Amino acid sequence: MKSLFITEKPSVAREFAKALKLNTTNHDGYMESNNTIITWCVGHLITMSYPDKYDPALKRWDMNTLPFLPKEYKYEVIPSVKKQYTIVSGLLNRVDVETIYVCTDSGREGEYIYRLVEQMAQVTGKNRKRVWIDSQTEEEVRRGIKEAKDLSEYDNLAASAYLRAKEDYLMGINFSRALTLKYGWTISNYMNQKKNTVIAVGRVMTCVLGMIVRREREIRAFIPTPFYRILGDFIMDDEKIEMEWRVTDSSQYNGSPYLYRENGLKEEKYARQLIDYLIKEPPVIGEVLSISRKKEKKYAPLLFNLAELQNTCSKMFKISPDQTLKVVQELYEKKLVTYPRTDARVLSTAVAKEIYKNIRGLTGYAPFAEFATKIIQNKQYQTLTKTRYVNDKQITDHYAIIPTGQGLGALCSLNQLSASVYMVIVRRFLSIFYPPAVYQKINMETAVKTEHFFASTKILLEKGYLEVANAGLRKKEEGNPRLAELLSKIRKGKKLPVREFHIKEGTTTPPKRYNSGSMVLAMENAGQLIEDEELRAQIKGSGIGTSATRAEIIKKLVNNKYITLNKKTQILTPTQVGEMIYDVCNASIRSLLNPELTASWEKGLTYVAEGSVTEEEYMRKLEKFVTDRINGVRNLNNQSNLQQIFDHSAQFYKKKGTKKNETVKK
């Protein structure tokens with residue numbers, strides 16, 4: 001009897017054959033040895049059938065046939081991969097195959113790919129084992145096979161995968177048809193087009209579109225506001241120390257409506273009045289009220305998950321999340337890094353105990369060999385399990401993306417971009433074994449009459465992890481060493497003469513547009529663009545979409561021409577049609593635009609995978625949601641109201657929509 005291994009790609013199948021040290025014969029679509037067969041999918045082989053496969057009459061879009069909620073879902077083989085499906089199906093049912101090892105990608109989507117094939121092939125009477133690995137190194141592949149669990153232990157994960165597909169299917173089919181039937185001609189007439197506009201919406205896609213449109217409208221509505229800061233040149237040893245005025249309890253502007261935040265005034269005349277008050281009785285002398293000196297530690301950032309890596313690559317290399325995923329997938333398949341589609345930014349305890357193997361491998365990686373060697377020699381990895389970089393509770397399917405320390409022979413086959421991304425991952429990984437950077441931070445507060453001025457700076461005392469993190473990068477030195485030297489000589493009570501006060505005008509700035517990287521982070525954090533890395537690490541909960549799907553969602557919006565992606569800057573902006581789709585959804589199914597609600601659906605799928613919510617409970621909630629929203633759209637009669645809304649956004653596009661659209665088709 002034989003064992004059958006089924007992988008997700010031919011390249012992965014070859015790696016499994018190599019790890020198992022098999023002497024195989026190549027066949028069309030599979031490899032075979034005396035006791036083992038290895039075959040592969042080519043991504044998805046099976047897809048969900050469109051409504052017309054349930055009933056030919058459903059090919060015609062009609063509001064009376066909505067909502068479409070099948071009792072039994074139909075699936076079909078994707079025509080372009082029918083040949084490989086036939087091969088895989090035949091192997092799964094071969095009488096001499098006793099055990100099936102499922103080796104598709106270790107995640108929800110990989111589970112779904114196999115389960116659909118098994119379902120369609122009607123496989124019965126076989127032992128089924130699930131191989132779950134974190135990298136494609138030979139050692140990890142062999143471990144995964146040795147420790148393979150019964151496939152039934154992943155039934156909850158499979159259930160969540162089926163539900164995710166059904167959810168996207170039901171929302172996409174029903175809401176796209178309903179909104180197209182209701183508002184397609186409204187958009188077509190406005191844009192002076194002869195064909196009915198298809199309004200494509202989706203659970204995640206429409207939510208992301210909403211985030212981009214809302215940000216664009218915030219920028220348009222923004223009115224720049226000037227403000228005025230007051231700076232003073234205080235003298236110490238014939239050198240200038242520039243200090244900034246801030247309001248305090250003793251200030252004459254405390255509680256004033258003329259304040260702009262704590263360090264500015266809304267009108268220049270008030271700043272002038274304050275300076276006149278300060279210089280009225282020369283000489284002008286400031287008295288140091290306090291000076292504090294303290295050391296601050298800054299630790300290496302957490303490791304990369306996919307979203308964090310996509311954001312970093314967007315900034316550094318100006319590439320899209322989709323491009324980053326392709327690159328890191330290539331690195332994974334060449335055994336250079338661990339599994340990329342992960343949300344975790346930490347390691348497991350088990351991995352941490354063996355981490356010296358990864359580091360030791362990197363002693364052969366020339367750009368960082370010196371750092372890796374130092375870590376090994378000083379045994380800096382031994383305390384890793386006691387740090388914030390190891391946390392079993394923060395890991396679901398996979399730990400963070402790290403270099404395996406293997407596959408270095410493949411580096412010569414990488415293009416420049418892939419090699420650079422690998423270097424970024426290595427740099428972040430090795431940083432966590434170094435001590436924190438240590439800064440000296442100095443703050444000084446000085447009083448002139450009732451008003452207080454402040455100065456602060458910090459200088460780097462010990463590089464710590466920055467020695468690795470900044471290796472090969474051009475980084476400006478933080479702080480002002482000369483200012484720090486001057487401040488170090490000053491004591492409380494010191495009198496400092498003031499050479500002059502001057503006004504510095506500033507202007508408020510609008511919110512930034514999303515770029516492809518910041519959008520992925522915002523999706524990960526349920527619609528919140530949290531720039532601060534430490535704060536992001538504290539936020540727990542499901543985001544919008546998953547690490548595996550976020551890049552594809554952005555790409556789909558671009559392909560639908562609902563948004564544009566500037567390839568040079570990676571900035572995302574809506575198109576006119578995209579804004580119109582947003583307005584249609586806002587007027588009909590507003591919840592599609594709600595990031596928190598969209599994230600809650602994803603969280604629900606996590607609960608199904610964990611076994612705390614049943615498949616039946618989830619489906620009841622989903623079908624009720626779809627039914628209620630379809631009935632809501634059916635009863636609306638607000639098409640004409642959208643004309644004025646469309647007019648407002650049309651002014652911001654060169655090709656403005658025509659207003660000759662008095663006839664509105666329903």
Side-chain angles (χ1 to χ4, degrees), residues 5 7-22 24 31 38 40 103-107 110 131-146 303-306 309 312-313 317 323-342 344 347-348 350-373 375-376 381 398-433 468 471-472:
F5 291 78
T7 68
E8 202 164 306
K9 293 180 180 178
S11 59
V12 180
R14 287 191 290 271
E15 293 302 331
F16 268 75
K18 189 176 176 183
L20 291 168
K21 303 191 180 336
L22 297 176
T24 60
M31 299 177 281
I38 302 181
W40 53 85
C103 310
T104 47
D105 275 2
S106 305
V131 177
W132 198 271
I133 58 176
D134 286 298
S135 73
Q136 289 190 12
T137 62
E138 291 184 21
E139 181 183 29
E140 177 69 358
V141 168
R142 287 195 292 269
R143 182 206 61 77
I145 295 168
K146 182 181 177 182
L303 295 161
F304 283 120
N305 62 8
L306 182 58
L309 183 62
T312 297
C313 290
F317 311 123
Q323 288 173 285
T324 299
L325 180 54
K326 285 177 182 174
V327 168
V328 74
Q329 181 71 23
E330 176 196 12
L331 297 177
Y332 169 66
E333 291 176 9
K334 294 194 175 200
K335 305 182 187 179
L336 286 160
V337 303
T338 56
Y339 189 71
R341 292 173 174 84
T342 176
L347 301 174
S348 66
V351 169
K353 288 177 179 176
E354 300 287 319
I355 205 69
Y356 67 90
K357 296 177 183 176
N358 302 61
I359 306 166
R360 191 167 57 201
L362 291 173
T363 58
Y365 177 52
F368 288 89
E370 181 185 344
F371 299 110
T373 301
I375 294 167
I376 290 291
Y381 54 84
H398 298 278
Y399 52 81
I401 303 169
I402 60 171
T404 62
Q406 299 186 36
L408 298 182
L411 286 171
C412 59
S413 68
L414 299 178
N415 60 33
Q416 183 58 51
L417 176 61
S418 298
S420 297
V421 173
Y422 178 68
M423 186 178 287
V424 166
I425 295 169
V426 171
R427 187 183 283 118
R428 175 70 65 97
F429 172 66
L430 292 180
S431 293
I432 72 172
F433 300 99
V468 189

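Just so it is clear, the model here is predicted, and its values are computed rather than measured.
Distance alone, capped at 3.5 Å, places no donor-acceptor pair between the Ser431 side chain and the Val468 backbone. Under the 3.5 Å distance criterion, the side-chain polar atoms of Arg360 are left unmatched by any main-chain donor or acceptor of Ile376. At least one donor-acceptor pair under 3.5 Å links the side chain of Thr104 to the backbone N or O of Gly110. Not one N or O on the side chain of Thr7 forms a donor-acceptor pair closer than 3.5 Å with the backbone of Cys103.
Minimum heavy-atom separation, Tyr399 to Thr342: O-OG1, 3.1 Å. The shortest non-hydrogen separation linking Asn358 to Pro403 is ND2-O, 3.0 Å. A pairwise comparison of heavy atoms in Ile38 and Ala13 identifies CG2-CB, 3.6 Å as the closest pair. The two atoms that bring Ile401 and Thr338 nearest to each other are CA-OG1, 3.4 Å, heavy atoms only. In terms of heavy atoms, Gly107 sits closest to His398 at N-NE2, 4.4 Å. Nearest heavy atom pair, residue Gly144 against residue Val131, reads C-CG1, 3.7 Å.
With sequence neighbours excluded, the residues that form a side chain to side chain contact (heavy atoms under 4.5 Å, CB included) with Glu140 are Ile133, Asp134, Ser135, Thr137, Arg143. The side chain to side chain contact (heavy atoms under 4.5 Å, CB included) test applied to Lys21 returns Glu138, Arg142, not counting sequence neighbours. Listed by chain and residue number, Lys335 satisfy the side chain to side chain donor-acceptor pair (under 3.5 Å) test with Glu15 (two or more places apart in sequence, or in another chain). Under the ring-ring contact (aromatic ring centres under 6.0 Å, His included) criterion, Phe371 pairs with Phe368, not counting sequence neighbours. Residues passing the side chain to side chain contact (heavy atoms under 4.5 Å, CB included) test with Gln416 are Ser420, sequence neighbours excluded. For Asp105, the side chain to side chain contact (heavy atoms under 4.5 Å, CB included) criterion is met by Glu8, Gln329, Tyr339, Arg341, not counting sequence neighbours.
Separation of atoms CG (Leu336) and OG1 (Thr404) is listed at 6.0 Å; rounding is to 0.5 Å. For the atom pair CG of Leu309 and CG of Leu303, the computed distance is 11.5 Å after rounding to the nearest 0.5 Å. The distance from atom NZ of Lys326 to atom CG of Leu331, rounded to the nearest 0.5 Å, is 14.5 Å. Between Leu347 atom CG and Lys353 atom NZ the span is 13.5 Å, to the nearest 0.5 Å. Taking SG of Cys313 as the reference point, atom CD1 of Ile425 lies at 7.0 Å (rounded to 0.5 Å). One distance of note links CZ of Phe429 with CD1 of Ile355; it measures 4.0 Å at 0.5 Å rounding.
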Could you please spell out the steps behind the side-chain contact (heavy atoms from CB on, under 4.5 Å) verdict for Phe317 and Val421? CA-CA 9 Å; Phe317 311 123; Val421 173; 3.9 Å; yes
Going through the distances and angles, do Arg427 and Val424 end up as a side-chain contact (heavy atoms from CB on, under 4.5 Å)? CA-CA 5 Å; Arg427 187 183 283 118; Val424 166; 4.2 Å; yes
Working note: Phe304 + Val328, criterion side-chain contact (heavy atoms from CB on, under 4.5 Å); need CA distance, chi angles, decisive distance, verdict. CA-CA 11 Å; Phe304 283 120; Val328 74; over 6 Å; no
Run the numbers on Lys357 and Tyr381 for side-chain contact (heavy atoms from CB on, under 4.5 Å), then give the verdict. CA-CA 10 Å; Lys357 296 177 183 176; Tyr381 54 84; over 6 Å; no
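The aromatic rings of Tyr422 and Tyr365 sit perpendicular, their planes meeting at an angle over 60°, well past the 30° parallel limit.
A donor-acceptor pair shorter than 3.5 Å cannot be found between the side chains of Lys334 and Ser418.
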